[in-house]
Amino acid sequence: MMNPKNNKTGCLIVVSGPSGTGKSTIVNSVLDTCKELSFSVSATTRPQREGETEGVDYYFVTKEQFQQMIDNNELLEHAEYVGNFYGTPRKAVLDKIDNGLNILLDIEVQGAEQIKRQYPEAVTMFVVPPSWEELERRLINRGTDSMEKIQARLKQAKSEIEKIENYDYIIVNDVLETAISEVISIIATQDYKYDKRINDLTEAYSL
Ligand code: 5GP
């Protein structure tokens, strides 16, 4: 477990939101800007898309390998999403936060719920486009999935948006640059939290 009084503990930053929200673009840009923030590379049974790199975007595994990871308790959370399995490798994340590094998880709502249950101090954000019509448009224009997959992802999006109340922050991705800077400011404020700063002051003020 994280020790909230240890100012060397890093922060778990969770970003969720239906596919087609521009979430990946936001996440990539935030990671480019915040050099001290690392990304949690998930394991998935989904086929590799063009342009994706093994070990950078995902660890692409078989269903059997994924099941093995669950059985060995190697996943911090996992979920099925539109017929594929996704999970966060436990060790990589815990090693980073134990070493004071902030880590960003780009995961869907069931996974986010599991993380928040285990780590209530995790900071969770939900990214949505400004309207349902805009979400449909972005998903179709992305052009990476079949029409059948798009329909499935839209259905999934509806049930994901219904979970928005579980999140700490909402990012409306209308103007991309604004959404990116909102995410960056939320992450930045985590360093000013009481638990992060109090240890330094305890000695200085003999508290
Ligand atoms: P995609 O197939 O478009 O890369 O991802 C589909 C969904 O799975 C996205 O909402 C993404 O955030 C989510 N996802 C990616 N990795 C994980 C993970 O490790 N755990 C969970 N629960 N969801 C994940």
Side-chain angles (χ1 to χ4, degrees), residues 12-31 38-63 65-70 72-97 103-119 122-129 135-136 138-164 166-167 169-171 173 179 183:
L12 268 175
I13 316 279
V14 173
V15 181
S16 295
S19 359
T21 53
K23 185 180 52 164
S24 308
T25 313
I26 294 174
V27 164
N28 289 335
S29 178
V30 168
L31 289 165
S38 53
F39 179 65
S40 163
V41 180
S42 298
T44 184
T45 61
R46 159 167 86 56
Q48 192 166 354
R49 289 187 189 130
E50 214 182 302
E52 285 182 330
T53 309
E54 161 73 22
V56 174
D57 297 288
Y58 282 107
Y59 297 108
F60 296 95
V61 298
T62 62
K63 277 195 178 147
Q65 288 170 320
F66 195 88
Q67 188 57 51
Q68 193 76 56
M69 292 173 97
I70 297 174
N72 295 341
N73 201 24
E74 288 171 31
L75 299 177
L76 201 54
E77 62 71 36
H78 61 93
E80 185 176 354
Y81 183 91
V82 201
N84 296 304
F85 294 91
Y86 297 83
T88 302
R90 178 188 302 278
K91 191 172 180 320
V93 170
L94 296 190
D95 283 354
K96 290 217 166 93
I97 53 175
I103 184 151
L104 189 150
L105 279 60
D106 172 350
I107 61 177
E108 51 70 67
V109 295
Q110 306 163 70
E113 252 179 273
Q114 294 171 45
I115 294 290
K116 197 68 176 171
R117 219 176 301 129
Q118 297 175 73
Y119 300 101
V123 177
T124 60
M125 307 176 210
F126 195 88
V127 181
V128 274
L135 172 61
E136 273 183 327
R138 288 185 194 178
L139 209 48
I140 291 165
N141 286 355
R142 191 166 70 165
T144 48
D145 290 308
S146 65
M147 210 51 212
E148 192 191 350
K149 275 275 176 201
I150 291 171
Q151 289 305 335
R153 280 172 188 264
L154 279 170
K155 196 165 159 230
Q156 187 78 25
K158 208 165 172 41
S159 66
E160 286 192 87
I161 293 169
E162 283 163 8
K163 294 277 168 55
I164 201 166
N166 296 341
Y167 284 79
Y169 297 95
I170 295 173
I171 307 295
N173 184 17
V183 174

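Because only heavy atoms are used, hydrogens play no part in the values below, and waters and symmetry mates are left out as well, while side chains stay in. Atoms within each ligand, like the ligands themselves, are counted from 1 in listed order.
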Gap separating the CD atom of E77 from the CD atom of E113, nearest 0.5 angstrom: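 Nearest 0.5 Å value for the CD-CD distance: 11.0 Å.
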For [atom], the protein heavy atom that lies nearest, with its residue and separation:
atom                    : value
atom 14 (N) of ligand 1 : D106 O, 3.5 Å
atom 16 (N) of ligand 1 : S42 OG, 3.0 Å
atom 23 (N) of ligand 1 : E108 N, 3.1 Å
atom 5 (O) of ligand 1  : Y58 OH, 3.3 Å
atom 9 (C) of ligand 1  : K23 NZ, 3.5 Å

query: Where's the contact between R49 and ligand 1, heavy-atom distance under 4.0 Å: side chain, backbone, both or neither?
result: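 It is the side chain that touches ligand 1; the backbone stays farther off.
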- request: Please confirm whether E77 comes under 4.0 Å of ligand 1, counting heavy atoms of the residue only.
  value: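 Within the 4.0 Å threshold, so yes.
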query: Is it true that E160 lies under 4.0 Å from ligand 1, counting heavy atoms only?
result: no
- request: Find all atoms of ligand 1 within a distance of less than 4.0 Å from any non-hydrogen atom belonging to R46, and give their numbers and elements.
  value: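 Counting from 1, the qualifying ligand atoms are 1 (P), 2 (O), 4 (O).
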message: Would you say E160 and Y81 are linked by a side-chain donor-acceptor pair, where the criterion is simply a distance under 3.5 Å?
response: yes
query: Which residues pass the side chain to side chain contact (heavy atoms under 4.5 Å, CB included) test with N72, sequence neighbours left out?
result: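 Per chain and number, N72 pairs via side chain to side chain contact (heavy atoms under 4.5 Å, CB included) with Q68, E74.
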query: Which residue pairs satisfy the salt bridge (Lys or Arg N to Asp or Glu O under 4.0 Å) criterion with at least one member in residues 14-30, sequence neighbours excluded?
result: K23-D106
task: Might you work through the side-chain contact (heavy atoms from CB on, under 4.5 Å) test for N166 and K116, ending with a clear yes or no?
output: CA-CA 9 Å; N166 296 341; K116 197 68 176 171; over 6 Å; no
field: Heavy atoms from other residues, nucleotides or ligands near NZ of K149 exceed 12 (cutoff 6.0 Å)
entry: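 Check passes, neighbour count above 12.
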- request: Kindly confirm or rule out an N or O of E52 lying under 3.5 angstrom from an N or O of ligand 1.
  value: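 Between E52 and ligand 1, no N or O pair is found under 3.5 Å apart.
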message: Check this for me - ligand 1, A43, N or O atoms closer than 3.5 angstrom, yes or no?
response: no
message: Set out, in order, the CA-CA distance, both residues' side-chain angles and the distance that settles side-chain contact (heavy atoms from CB on, under 4.5 Å) for R138 and N173, then state yes or no.
response: CA-CA 11 Å; R138 288 185 194 178; N173 184 17; 3.4 Å; yes
message: I'd like the name of whichever of Y59, Y81, Y86 reaches closest to atom 2 (O) of ligand 1 through any heavy atom.
response: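 Shortest heavy-atom distance from atom 2 (O) of ligand 1: Y86.
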